[in-house]
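Okay, so here's the structure we're looking at.
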Amino acid sequence: MQAMPPLLSVLTLAVVATAPAFAQTVTVTPTLNTRLTWTDNVDTDGEDPRQDWIAEVSPGVSVSRASGRFRGYLDASLRNLVHARETDQNETFLAFQGNGEFEAIEDAVFIAASGSISRNSTSSFGRRYSGDELSASEDSETRVWSIAPRYEFRFGDAGAGRLGYESRWLQGGSASIGDQHQKRWTLGLSDPGAFRLFGWGVDYVRTDNSYEEEQGRDVTQDVGRATLFVNIDPQFRVRAIGGYESNDYAVADGEEGAIWGMGFDWYPTERTNISVTGEDRIFGTGYDVQVRHRMARSVWNVSISRDITSSLDELAGGFVLDPVFQLFYQLTDPALPEAERVRIARSAYERAGGVGIRTNAYFVQRSARAGVTFSVPATPCRFPSIRPSASA
């Protein structure tokens, strides 16, 4: 498999930078992050802990565009970590995060592209925790690129359809998470209020993963569902789910079985929404519970789930849908450019342990998270771009 070159990052930057041609607003923000850290265990691979000072000076740039037919953000920085004693561990590398979408045909054809370059602990048993800002080894560098065209259309009074394809490339720096290519096809049709009391929906997803030699065997997953909506009233509806799935994640000759489930969506007030789904799957019971309540000065979130996932899905941006990430995102200053808000929120999310295990394999993940955000409009919370710190 040929790895995806970093051309996507160049194209994303070029499209954002040339956005004035579309008479839209582009925000470009130079950044400079500095940090001074003292540690008593600079060499985590050695037997004897050693003390050292580590200085970081990282110039960068954030570019964002939030209107028009192209929307997206890009955040890039050149991280420079310099050790006072262990100079052989000095590191200079590019950290990059970009995400954008172009509306090729109005209200019909969209093309999304994203890319990221980061260095983070890729082993669940590594000596540095996931999110450690001193994790700068070249062996822990991961690069993820994706491009995803899709076609959306409407039918009837309120029906909607979607046909999409996404191709992702991952370049990993170690055996714990190696090079892989994921191709995903999606098809969805739904009209939840087609017959007022009843509605319907069908969706199908096929995912193919291929790996470099000795990194793992190629695997495939097919999931198809049909949903019957029962609209009890405008604030409450029940869902009956039936479907079929197959994958060869656990055994080479594959597993397959039916999907049966129930769920409901409840909107008791304009500020509260509750969504619950439970299903009988081939791996056991799968479920997804989402509760969100917004008050004048706070937002409350509860998320409980069990499903099949992968490190590639997480690295490619799945964290954005995590309610815990959303809490950190909401704490940032809304006046900041989108790229800066995402960068700050993701950094806090990773330091809080939001990033899970890293592995080439697909796995069943069970998670339970809860959080609350408090805001004071008179003094918006804003993390400074330049912030010295010391840690042991």
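Residue indices begin at 1 and follow the sequence shown. Worth saying up front: this structure is predicted, and the values here are computed from it rather than measured. When reading the values below, keep in mind they use all heavy atoms of this one structure, side chains included, and skip hydrogens, waters and symmetry mates.
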Cation-pi check, R119 onto F93 ring (under 6.0 Å, within 45° of axis):
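Yes; both conditions hold, so R119 lies above the ring face of F93.
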When you compare the side chains of [X] and [Y], does any donor N or O come within less than 3.5 Å of an acceptor on the partner?
X    : Y    : answer
Q182 : N209 : yes
D208 : T220 : yes
W300 : S298 : yes
D222 : Y244 : no
D288 : Q290 : yes
Q51  : D40  : no
D75  : S62  : yes
R239 : T277 : yes
D52  : H83  : no

Salt bridge check, [Y] against [X]: does any charged N sit closer than 4.0 Å to a carboxylate O?
X    : Y    : result
R225 : E279 : yes
E91  : R79  : no
R65  : E101 : no
R237 : D265 : yes

Counting N and O atoms only, with roles assigned by atom type, does the side chain of N80 sit under 3.5 Å from a partner on the main chain of S58, one being a donor and the other an acceptor?
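No, the answer is negative, given that no donor and acceptor are paired below the 3.5 Å cut-off.
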For F195, does the CZ atom have more than 12 heavy-atom neighbours from other residues, nucleotides or ligands under 6.0 Å away?
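No, the 6.0 Å shell around CZ holds no more than 12 heavy atoms from other groups.
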Does some side-chain heavy atom of V205 sit less than 4.5 Å from a side-chain heavy atom of W185?
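Side chain of W185 against side chain of V205, heavy atoms only: no contact under 4.5 Å found.
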Holding to salt bridge (charged side-chain N to carboxylate O under 4.0 Å, His left out), I want the full list of residues that pass it with D307, two or more places apart in sequence or in another chain.
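Scan of D307 (salt bridge (charged side-chain N to carboxylate O under 4.0 Å, His left out), adjacent residues dropped) gives R281.
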Using side chain to side chain donor-acceptor pair (under 3.5 Å), reason through T207 and R184 one step at a time and then give a plain yes or no.
CA-CA 4 Å; T207 305; R184 178 172 291 165; 3.1 Å; yes
Any chance you could pull the hydrophobic cluster mates of V223, using side-chain heavy atoms under 4.5 angstrom and chaining through other members?
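Traced through the cluster, V223 reaches I259.
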Would F198 and F229 count as a close aromatic pair, with their ring centres under 6.0 Å?
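They do not qualify: ring centres at least 6.0 Å apart.
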